[in-house]
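I have placed the structure first, in the form of structure tokens, so that the comments after it can refer back to it.
Note that the numbering runs from 1 along the sequence shown for the chain. Counting starts at 1 for both ligands and their atoms, following the listed order. Note that these values count all heavy atoms, side chains included, but never hydrogens, waters or copies made by symmetry.
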Amino acid sequence: MGAMSLLPRIRVPLRVKFLIALMFLVTSVVGAITLTMANLFHTDKKTYIHDLTSMIALHTAAETRSLLVGYQERINVFARLMGDRRVDPDEKARLLKALFKDFPDVVAVSLYAGGREPVTVYDVAKLDVAGLTKQAFLAFRRDRSVPVDRIRAGAVFVENSTLLPALPTLTMAVSRPSPDGGTPVVAAAVIRLDSLLRLARRSVAFETFVVDSRGAVLAHTDPGLVARRAPVSWIPESALQWLLGPESGGGSEPMGFTKEYVHEGVEMIGGFARVEFGNVLAGVQIPKTAAYLTARELLNNLIGVAFLLLTAAVVVGLLWSRLITRSIERLSAATRAVAKGDFDIQLAHRSRDEIGSLAESFNQMTSELKVREHALKQAQAALIQSAKMAAFGQLGAGIAHEVKNPLAGILGYAQLAMRKVGKEDTTYTHLTIIEKEARRCQIIIESLLRFARQEPTEYSIVDLNRVVEEGIAIVDHQLTIHRVNIEKRLSPVPAMRGDANQLQQVLMNLLINAQQALEPDGGTVRVATRVCNGFLELRVSDTGPGIPPEIQPKIFEPFFTTKPAGKGTGLGLSVTYGIVRDHKGEIRIESEPGQGTTFVLTFPADEALGSAEAGGPRVAAAA
Ligand SMILES: Nc1ncnc2c1ncn2[C@@H]1O[C@H](COP(=O)(O)OP(=O)(O)OP(=O)(O)O)[C@@H](O)[C@H]1O
Ligand SMILES: [Mg+2]
């Protein structure tokens, strides 16, 4: 547990996990395909290349053999002529000259008969062309003598006898029966290598070579090796032993074989075949890389394609995972915003998958949260308002109680003094003013008490429509004077429990306010009743200037007025509020500046009255 907790927890994003999985998949699939294909191709190609190498070697051997057999025939023709004693020497020379012309490859022919010195004839013109002197040629012939005894026993001898690069030649020696029945005669000829070299140069892909009886290069793609009579160092020893060993009599041994070996650090595939003539060997070789070039190219291509696929997979994976995780990231960012209280957030959801429906649910959640928050704020405002009103009520009630008795004293003594001084006295006028102002104060005190009154009153059954009719009748005259036109829209409503006088006062307060708002030009006031959601609704609307939103929450407070001193005390709506509250009703404003004002009052119908919970009416300002 300790070791685990010591390790820092690495946060691997979903995107990266996605990518790793995808790349693992693609890599294994592509890798498996590449390996299988490369392997398949390689195995197939190996047999094919060995077969081809062996075939070309055998073919070269066969061609070499037919060339050498041709040379042997020519030597025989020369030898026959040279050994014929019946021919006149001049005639012989003429015939030999003609033979050299007919066989342009043949440079010289020597005849070894009995114990005598060999007789040699040669084409001076051919030596001259190559820049070789007669002396040098004869000296070389002497130094590298032909193994006459071995050839007499029936063997054929072939060797590279090049003296100058300009004149690559081979020496071939064959034995012939003696014309007089004695020891066989050996005929050795120096023959130009041109035909064999052409044969060696024929293949472009393969390095072709022919090896003579001494194990030296007889013909090769590289003429330098021929000129140097270089040993064929690249051929594995075992192969050389087998090939250059004594010629096998039977045909049971294989004609040739292929072998893989390293020559000068290069891996080679070689094919070797016996020419079956004078222990000569034909061979071809090709670097392994060249032989497997196509296979290698294919492998390289496959690796390239694999890399391309991998890159494509990475790009596609990145884009794809980005696409998926981006919406998740956006969602989580939006969630954080919502947690901070921003409910205005809406996610764009175009995809129709799970993430799309998640975003849809998220949007639904934020809109619902928004609605709830709005409702919560309204409830909170109403709570604050009613608490405030309750505080005002207590304050007002306290003041009213304190002032009520002294005021009664002031009024009583003023009236007493008035009676004593008589109407003629100037003091009388002063006393009437005191009495009038004291009465005004009493009315205010009563209003305050009415607003603040907490104890429940006994209510009777009231017909709201009748209350409205009577209230309008009282103020009708005053309204008409001020050019205010009253419209009534009374629908039948159920009875409610309440105090008709108080409700009448509510209506009158609202009508007077409306009339005052319509000053000086007048206008229309509409009074409407109806049933709404099981409640009785009373609406008083005017076409006045409306109430600015910033003062809407204040208009129910006692002494809040916008009217000049003396015209309004700011008690009308607070009294109204107190009465509506006592009736378990609600009062709210629907007003916008310039659009007029509507006061909406709702009261519970008769049966609900007794059971409604206590508390002030809800005041909602609706802009
Ligand atoms: N219909 C209305 N149109 C525009 N403003 C109104 C309307 N009714 C009330 N008000 C505003 O509300 C304020 C408070 O009204 P309230 O009736 O409580 O006091 P008042 O009318 O000013 O004085 P009082 O009613 O005591 O004579 C008013 O001063 C006025 O600014
Ligand atoms: Mg008023």
Ignoring water, what protein N, O or S atoms are under 2.8 Å from the Mg ion (ligand 2)? Asn513 OD1

Atom 16 (P) of ligand 1 has as its nearest protein heavy atom Leu573 N, 3.7 Å

closest protein heavy atom to atom 30 (C) of ligand 1 is Thr562 OG1, 3.4 Å

Note: heavy atom closest to atom 11 (C) of ligand 1, options Ile555, Ile589, Asp542, Thr598, belongs to Ile555

Supply the atom-to-atom distance Asn513 CG to Leu573 CG, rounded to the nearest 0.5 angstrom. 5.0 Å

At under 4.0 Å between heavy atoms, which part of Ile547 makes contact with ligand 1: side chain, backbone, both or neither? side chain

Going by an N to O cut-off under 4.0 Å, is there a salt bridge joining Arg372 and Glu368? no

Heavy-atom donor-acceptor pair, Asn363 side chain to Gln346 backbone, under 3.5 Å: no

Leu571 neighbourhood, listing ligand 1 atoms whose heavy-atom distance to it stays under 4.0 Å: 26 (O)

So does Lys563 pair up with Glu519, basic N to acidic O under 4.0 Å? no

For Glu260 and His50, which I'm curious about, is there any donor-acceptor pair between the side chains at under 3.5 Å? yes

Option nearest atom 21 (O) of ligand 1 (shortest heavy-atom distance, choices Lys563, Lys554, Lys567): Lys563

Just verifying a value: how many Å separate Arg439 CZ and Ile410 CD1, rounded to the nearest 0.5 Å? 13.5 Å

Between Glu267 and Thr289, a side-chain donor and acceptor under 3.5 Å: no

Atom indices of ligand 1 within 4.0 angstrom of Thr569 heavy atoms, with elements: 23 (O), 24 (P), 26 (O), 27 (O)

Not counting sequence neighbours, list each pair that qualifies as a salt bridge (Lys or Arg N to Asp or Glu O under 4.0 Å) and has a residue in residues 384-403. Lys388-Glu557

Going by heavy-atom distance to atom 4 (C) of ligand 1, choose the closest among Gly544, Ser541, Ala517, Ala514. Ala517

the protein heavy atom lying closest to atom 14 (C) of ligand 1 turns out to be Phe560 O, 3.3 Å

One residue to check: Asn509. Relative to ligand 1, which of side chain, backbone, both or neither has a non-hydrogen atom less than 4.0 Å away? neither

Any idea which atoms of ligand 1 are less than 4.0 Å away from a heavy-atom of Thr597? 3 (N)

Strictly distance-based, threshold 3.5 Å: is any side-chain N or O of Gln385 a donor or acceptor partner for the main-chain N or O of Pro553? yes

Name all residues meeting the side chain to side chain donor-acceptor pair (under 3.5 Å) criterion together with Thr427; count only those two or more places apart in sequence or in a different chain, and write none if there are none. Asp425

Return the option from Pro593, Gly570, Gly572 holding the heavy atom at the smallest distance from atom 23 (O) of ligand 1. Gly570

Checking a contact table here: which protein heavy atom is nearest atom 17 (O) of ligand 1, and how many Å away? Asn513 ND2, 2.9 Å

When you check the gap from the basic side-chain N to the acidic O, do Glu373 and Lys370 get nearer than 4.0 Å? no

When you look at CD of Glu487, are more than 12 heavy atoms from neighbouring residues, nucleotides or ligands closer to it than 6.0 Å? yes

Looking only at non-hydrogen atoms, which of Gly596, Gly568, Ser574 approaches atom 27 (O) of ligand 1 most closely? Gly568

Using a 4.0 Å cutoff against the non-hydrogen atoms of Thr561, which atoms of ligand 1 qualify? 20 (P), 22 (O), 29 (O)

Hey, could you give me each pair passing salt bridge (Lys or Arg N to Asp or Glu O under 4.0 Å) that has a residue in residues 541-556? Not counting sequence neighbours. none

